[in-house]
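The basis for the numbers below is simple: all heavy atoms, side chains too, and nothing from hydrogens, waters or symmetry mates. Atoms within a ligand are numbered from 1 in the order they appear, just like the ligands themselves.
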Amino acid sequence: MRMRILERFVYEGLPSRVVFGWGALDVLLEEVERFEARRILVLATPEQQAQAARIAGLLGDRSAGVFAGAAMHTPTSVTDEAIAVVRAADADCTLAVGGGSTTGLGKAISKRTELRQIVVPTTYAGSEMTPILGETSEGVKTTERSARLLPGLVIYDPQLTLSLPRQLSVTSGINAIAHAVEALYARDRNPIVSMMAEEGIRSIAAALPRIVDAPGDRDARSDALYGAWLCGIALGAVGMALHHKLCHVLGGSFDLPHSETHTVLLPHVMAYNAISVPEAARRVARALGEEDAGGGLFKLARDAGAPTALRDLGMPAADLDRAADLASLNPYWNPRPIDRRAIRSLLDDAWHGRDPAGQSD
Ligand code: NAD
């Protein structure tokens, strides 16, 4: 059914060049030349050092070496170390190969040095499409948004996601879906971003069961990364709401793992908000091929063997009250008003891993 566009809206496209496709890394040198990068420092986590070394090899004499110290939550101490390496190597550009943690390091370096950024994403987190940076210093996380933080060149090669373990593939995929879900009901939503968001959900949701069955499935890996790209655009383009706030609180204050926390909470936040945004809920359900948006998201995670309960992520029940307090502080926009009692009840459902469609306990 074609939707009618009745409201005035603003759409702001973010400028970056994207190369997508199986084997896209084959054109790395051409792309780097076009980008006019001469000395490129490759960034990675310690776990992806070998992948970083391979990319440095592909760069040949344009490589300024590898810094494989990226860490979750972008600690400023790591950024300082990396900048010392940038200076010693006289680098004029960074290339982050990895997930959101490594991309975050590239952004943090760029913020302080104005170095341009290339990103080769290997998870579905989507940070490469956003002008957003979250950093931690002495345990405190701060987030900022600035057009200067957006990477200029992104090369999506689904081949690099083959090594992403099954479970991380699923939770990272649902992390991406969470961006698109919140984009569909964002206060500043618009039809262009909503179209990308719905297609992103559809593409990832269709891919995840195939990846679980066969992690080497080339088409499924391509569909998932394509969907992640679209969901990343949605995250960068419009504002997020309750879901991202809750994940921020649980990740920051209770040290819960990033993509798993997104996976557990999303069905419950969708169910909480559905009553206020029936059209967005309908589009999420349609993209999932399900009747109910929250129930469909829960089923997607459960059937793929992902965690569905906060208690399984190690969160003590005794912390739920404080989490509800923190999530209700500093009023922020959400399509359904934030009510402390309702949030506490949402967290209780998520802690137990109840199906929001009410089909199991
Ligand atoms: P991550 O980058 O922390 O990666 C998790 C682990 O998986 C790491 O050890 C990494 O080396 C490994 N890994 C990544 N790709 C792999 C692959 N293909 N094969 C094998 N191992 C692989 O995880 P993430 O979920 O991508 O990113 C989470 C972080 O990114 C959080 O800190 C989050 O806040 C941030 N983030 C920021 C934005 C933004 O717009 N600023 C968006 C999304 C996420």
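Closest to atom 38 (C) of ligand 1 among all protein heavy atoms lies S127 CB, 3.4 Å. Atom 17 (C) of ligand 1 has as its closest protein heavy atom S163 OG, 3.5 Å. H258 CD2, 3.8 Å is the protein heavy atom nearest to atom 25 (O) of ligand 1. The protein heavy atom nearest to atom 2 (O) of ligand 1 is S101 N, 3.0 Å. Protein heavy atom nearest atom 9 (O) of ligand 1, with residue, atom name and distance: E47 OE1, 3.2 Å.
With a 4.0 Å heavy-atom cut-off, ligand 1 is reached by the backbone of L164 and by its side chain too. Counting heavy atoms under 4.0 Å from ligand 1, residue Q51 does not touch it at all. Contacts between T45 and ligand 1, counted as non-hydrogen atom pairs separated by less than 4.0 Å, involve the side chain only. With a heavy-atom cut-off of 4.0 Å, L168 touches ligand 1 through its side chain alone. With a heavy-atom cut-off of 4.0 Å, L162 does not touch ligand 1 at all.
Note: no N/O pair closer than 3.5 Å links T102 and ligand 1 by distance alone. Checked against a 3.5 angstrom limit, the closest N/O atoms of L160 and ligand 1 fall inside it. Checked by distance only, ligand 1 and L133 stay at 3.5 Å or farther apart across all their nitrogen or oxygen atoms. Looking at ligand 1, you won't find any N or O of T161 less than 3.5 Å from one of its N or O atoms. The distance criterion of under 3.5 Å between nitrogen or oxygen atoms is not met by N175 with respect to ligand 1. For ligand 1, none of its N or O atoms has an N or O atom of S259 under 3.5 Å away. Checked against a 3.5 angstrom limit, the closest N/O atoms of I132 and ligand 1 fall inside it. For ligand 1, the polar-atom distance check against T130 finds a nitrogen or oxygen pair separated by under 3.5 Å.
Selection from H262, Q48, E128, E135 by nearest heavy atom to atom 22 (C) of ligand 1 gives Q48. The closest heavy-atom contact to atom 23 (O) of ligand 1, among the options G100, P46, G98, comes from G100. Checking K107, H244, H73 against atom 32 (O) of ligand 1, the nearest heavy atom belongs to H73. For atom 43 (C) of ligand 1, the candidate residues are G104, A125, A52; the nearest heavy-atom contact is made by A125.
Atoms of ligand 1 lying under 4.0 Å from any heavy atom of T122, numbered from 1 in the order shown and given with element: 14 (C), 15 (N), 16 (C), 17 (C), 18 (N). Atom numbering of ligand 1 starts at 1 in the shown order; those under 4.0 Å from a heavy atom of L235 are 40 (O), 42 (C). Applying the 4.0 Å criterion to heavy atoms of M72 picks out, from ligand 1, the atoms 3 (O). Of all the atoms in ligand 1, the ones that sit under 4.0 Å from a non-hydrogen atom of G99 are 2 (O), 26 (O).
With respect to the salt-bridge test (charged N to carboxylate O, under 4.0 angstrom), the residues R202 and E199 qualify. The pair R221-D217 does not meet the salt-bridge criterion, since no charged nitrogen lies less than 4.0 angstrom from a carboxylate oxygen. Using a cutoff of 4.0 Å between basic side-chain nitrogens and carboxylate oxygens, R210 and D223 are scored as salt-bridged.
Not a single heavy atom of M129 sits closer than 4.0 Å to an atom of ligand 1. Heavy atoms of K141 come nearer than 4.0 angstrom to ligand 1 in at least one pair.
When all heavy atoms of P335 and A241 are compared, the closest pair comes out as CD-CB, 4.3 Å. Scanning all heavy atoms of the two residues, the minimum distance from S328 to R340 falls at OG-CG, 3.3 Å. The two residues V264 and P307 make their nearest non-hydrogen contact at CG2-O, 3.6 Å.
With T74 contributing its side chain and G134 its backbone, the two residues share a donor-acceptor pair below 3.5 Å. In this structure, N175 contributes its side chain and A125 its backbone to no donor-acceptor pair below 3.5 Å.
A cation-pi contact links R116 to F35, judged by a cut-off of 6.0 Å to the six-membered ring centre and 45° from its axis.
For E144, the CD atom sits in a packed shell: over 12 heavy atoms of surrounding residues, nucleotides or ligands are nearer than 6.0 Å.
Inspection of the T122 and Q51 side chains reveals no N or O donor paired with an N or O acceptor under 3.5 Å. In summary, the side chains of T113 and R87 do not present any donor paired with an acceptor at a separation below 3.5 Å, with no hydrogens or angles considered. Checking T130 against K107 by side-chain atom types alone, a donor-acceptor pair falls below 3.5 Å.
Residue pairs satisfying the side chain to side chain donor-acceptor pair (under 3.5 Å) criterion with at least one member in residues 306-317, sequence neighbours excluded, are absent.
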For K299 and D355: C-alpha separation, side-chain torsions, deciding distance, then whether salt bridge (charged side-chain N to carboxylate O under 4.0 Å, His left out) applies. CA-CA 8 Å; K299 184 165 173 276; D355 182 346; over 6 Å; no
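Annotation: ring pair (Phe, Tyr, Trp, His ring centres under 6.0 Å) contacts of H179 (sequence neighbours excluded): H244.
There is no protein heavy atom less than 4.0 angstrom from atom 4 (O) of ligand 1.
The shortest side-chain heavy-atom distance between F67 and V78 falls under the 4.5 Å cut-off.
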